[in-house]
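Notes follow once the structure below has been shown.
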Amino acid sequence: MRRTIKGKLTISVICIVAVSIILTTIGIVIIAGRNLIRNQTDALQLNADKYAEEINTWIENEKMLADGAAKSIVSAGNTEDKFLQSVLDTYAKDREELLNLYCGTKD
């Protein structure tokens with residue numbers, strides 16, 4: 001079959017079809033892989049932005065609460081232990097994530 005023109009044409013056509021299928025498959029895999037990576041990167045970036053915003057909001061809330069406690073102490077002009085403890089207790093109330101809270105004065 002290889003020696004005839006019909007046989008040579010058949011083998012050539014089979015090779016061309018096989019190479020075409022292989023190249024098409026490689027192209028599809030490459031394009032799909034790039035799209036998958038891009039989609040996952042976009043999703044991860046959205047999650048990172050979301051959590052970064054949540055963390056920034058939490059930090060700003062903590063700063064406002066700490067500033068509020070400091071302003072309460074300064075405006076009262078009272079640095080007695082009982083008063084400081086009451087301000088800090090008010091600040092720490094219902095805050096399970098708060099492990100330690102320190103208050104420093106000039107003294």
Side-chain angles (χ1 to χ4, degrees):
M1 182 164 149
R2 289 186 194 167
R3 294 181 185 204
T4 65
I5 293 180
K6 182 179 177 182
K8 289 180 183 179
L9 282 174
T10 303
I11 291 175
S12 297
V13 169
I14 290 172
C15 289
I16 290 172
V17 169
V19 168
S20 298
I21 291 173
I22 290 171
L23 291 176
T24 302
T25 303
I26 290 171
I28 290 171
V29 167
I30 289 172
I31 291 170
R34 285 182 183 165
N35 287 339
L36 180 64
I37 290 170
R38 185 176 60 243
N39 290 341
Q40 288 180 341
T41 302
D42 292 345
L44 287 172
Q45 187 62 52
L46 286 174
N47 282 333
D49 292 342
K50 173 186 158 190
Y51 292 124
E53 184 61 34
E54 288 178 14
I55 291 169
N56 287 338
T57 301
W58 179 81
I59 289 172
E60 287 302 316
N61 287 338
E62 293 299 307
K63 285 169 46 177
M64 286 190 307
L65 290 171
D67 286 342
K71 287 177 183 175
S72 295
I73 293 168
V74 169
S75 67
N78 187 354
T79 57
E80 293 178 13
D81 290 344
K82 279 190 170 188
F83 176 72
L84 292 176
Q85 187 64 50
S86 70
V87 171
L88 296 179
D89 287 344
T90 302
Y91 174 71
K93 184 179 179 184
D94 298 327
R95 299 174 61 83
E96 296 174 4
E97 76 277 0
L98 186 63
L99 299 177
N100 293 311
L101 184 62
Y102 300 96
C103 179
T105 62
K106 290 180 184 178
D107 299 336

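Model, not experiment: these values are computed from the prediction.
- In this structure, the separation between CD1 on I21 and CD1 on I16 is 12.0 Å, given to the nearest 0.5 Å.
- Taking both residues in full, the closest heavy atoms of F83 and A76 are given as CZ-CB, 3.4 Å, listed atom of the first, atom of the second, then distance.
- Under the 4.5 Å side-chain heavy-atom criterion for Ile, Leu, Val, Met, Phe, Trp and Tyr, I22 and V13 are members of distinct hydrophobic clusters.
- Separation of atoms CD (Q85) and CG (D89) is listed at 4.5 Å; rounding is to 0.5 Å.
- For residues 38-61, the pairs satisfying salt bridge (charged side-chain N to carboxylate O under 4.0 Å, His left out) are E60-K63, with sequence neighbours left out.
- The distance from atom CD1 of I28 to atom CG of L23, rounded to the nearest 0.5 Å, is 11.0 Å.
- At a threshold of 4.5 Å between side-chain heavy atoms, the hydrophobic network of Ile, Leu, Val, Met, Phe, Trp and Tyr places I59 and Y51 in two separate groups.
- To the nearest 0.5 Å, the span separating CG on N39 from CG on L44 amounts to 11.0 Å.
- In this structure, the separation between CD1 on I37 and CZ on R34 is 9.0 Å, given to the nearest 0.5 Å.
- Atom OG1 of T4 is separated from atom CG of L9 by 8.5 Å, given to the nearest 0.5 angstrom.
- Within the structure, the salt bridge (charged side-chain N to carboxylate O under 4.0 Å, His left out) test picks out no pair touching residues 64-86 (sequence neighbours left out).
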